[in-house]
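Chain letters run A, B, ... following the sequence lines, proteins first, then strands; residues in each count from 1. For the numbers below, each heavy atom of this structure counts, side chains included, while hydrogens, waters and symmetry mates do not.
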Amino acid sequence: MKRGALDSFVTLVAPKKPKYEASADKSSHASYPFAIPHLPAQFTEQLGFAPSEEGKPMNDQLDLDLVYYQPYIPSSIASGVFDFLRTELPFYRVKYNITRGSIQTQVNTPRFTTVFGVDETSRFTASGALVDAKSGRPIEASRYKCKPRPIPQCLDELRKITEGTTGETFNFCLVNYYADGQDSISYHSDDERFLGPNPAIASFSLGAKRDFLMKHKPIPPKQGGDVIQEEPKPIKLALGPGDMVLMRGKTQANWLHSIPKRAGAEAGRGRINITFRKAMVKGDGELLSV
DNA sequence: AGAGCGCCATCTGC
DNA sequence: TGCAGATGGCGCTC
């Protein structure tokens, strides 16, 4: 076989993925299992052009208040940022025990997770110590079940840009990795005890396209009346790489969302979901989800 | 809250 | 239009 023919064959079958150039700088903290590289400079530069598309308001249904950026992260770097985060973030599978009757069962959540940030009552000093937000006094270790850890630089770059375009502020970052179509999260709302009323949550998608389903919470029948209020129609957003959905206002209080399992090859590439929120009071840490 | 299962409505390709 | 396999939603149980 001729040299040229082989080259073009290889190129066709295995196109070079946009690789990232690792930064020498890293975020380190006692609560990290290992240092997390800073966002490669090429990505930081390109984030300067975000959002790629203007956000589209979706507020034409009862209690719904979304802004959909399709995409937000420039498509030139979406794949590279996915590879970077999947490789460099300390993901783990949350496991917990439940008791049903007298039977103990271990539940493995069907997704990988990693969490950064701390609620408004606390903050990190420049040297990484956790202190009370008001007094500046050190926080006793017993205050938090899980040791809070600061948002690493690579995610903080995205957080700052997101704050700029949304006008919201965020102090907390939850990242989920759905490794394949079998990974999922069932219907839920984000915890308002932890986030306060009418919380704003910015949710980014990278990697495989996955369906994001939303449905209104059941409307309790009016007491004494026989009028059945009509439920808003369920929503399906096919979230692609770089997309961002801002959920705000009455959305959390009144809508549920999920990422259902999916058959087929597309989901098999894996999807990363980054969410920024503002945590108002200390939370349990493991209750949170997308 | 998740997995596995059965049931069934919908979609898609022929 | 009809059919069959694939897909996905939902309810149930553990």
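Pairs passing the ring-ring contact (aromatic ring centres under 6.0 Å, His included) check and including a residue from residues 54-73 of chain A, sequence neighbours excluded, read A/Y69-A/Y72, A/Y72-A/F204.
A straight line from CZ of A/R111 to P of B/dA3 spans 9 Å, rounded to a whole angstrom. In this structure, A/L213 places its CG atom 13 Å from C1' of C/dT7, rounding to the nearest Å. Nucleotide B/dA1 holds its P atom 18 Å from the CD atom of A/Q104, rounded to whole Å. The separation between A/K215 atom NZ and C/dG11 atom C1' is 11 Å, rounded to whole Å. Taking atom CD1 on A/I98 and atom C1' on B/dA1, their separation rounds to 6 Å, with Å as the unit. The interatomic distance linking A/K236 (NZ) with C/dT7 (C1') rounds to 10 Å, in whole Å. The interatomic distance linking A/K233 (NZ) with C/dG9 (P) rounds to 17 Å, in whole Å. The distance from atom CG of A/N97 to atom P of C/dC14 is 20 Å, rounded to the nearest whole Å.
Here A/K261 reaches the OP1 or OP2 of B/dA3: one of its side-chain N or O atoms lies under 4.0 Å away. Between A/R262 and C/dG8 there is a side-chain N or O to OP1 or OP2 distance below 4.0 Å.
Nearest to the side-chain atoms of A/P110 among the listed nucleotides B/dA3, B/dA1, C/dC10 stands B/dA3. Residue A/A263 places its side chain closer to C/dT7 than to any other of B/dG2, C/dG9, C/dT7. The listed nucleotides are C/dC10, C/dG9, B/dA1; the one nearest the side chain of A/S186 is B/dA1.
The local environment of NZ in A/K217 is crowded, with over 12 non-hydrogen atoms from other residues, nucleotides or ligands closer than 6.0 Å.
With respect to A/R137 and A/D132, no salt bridge is recorded, no charged nitrogen being found less than 4.0 Å from a carboxylate O.
There is no side-chain donor-acceptor pair under 3.5 Å between A/S27 and A/R149.
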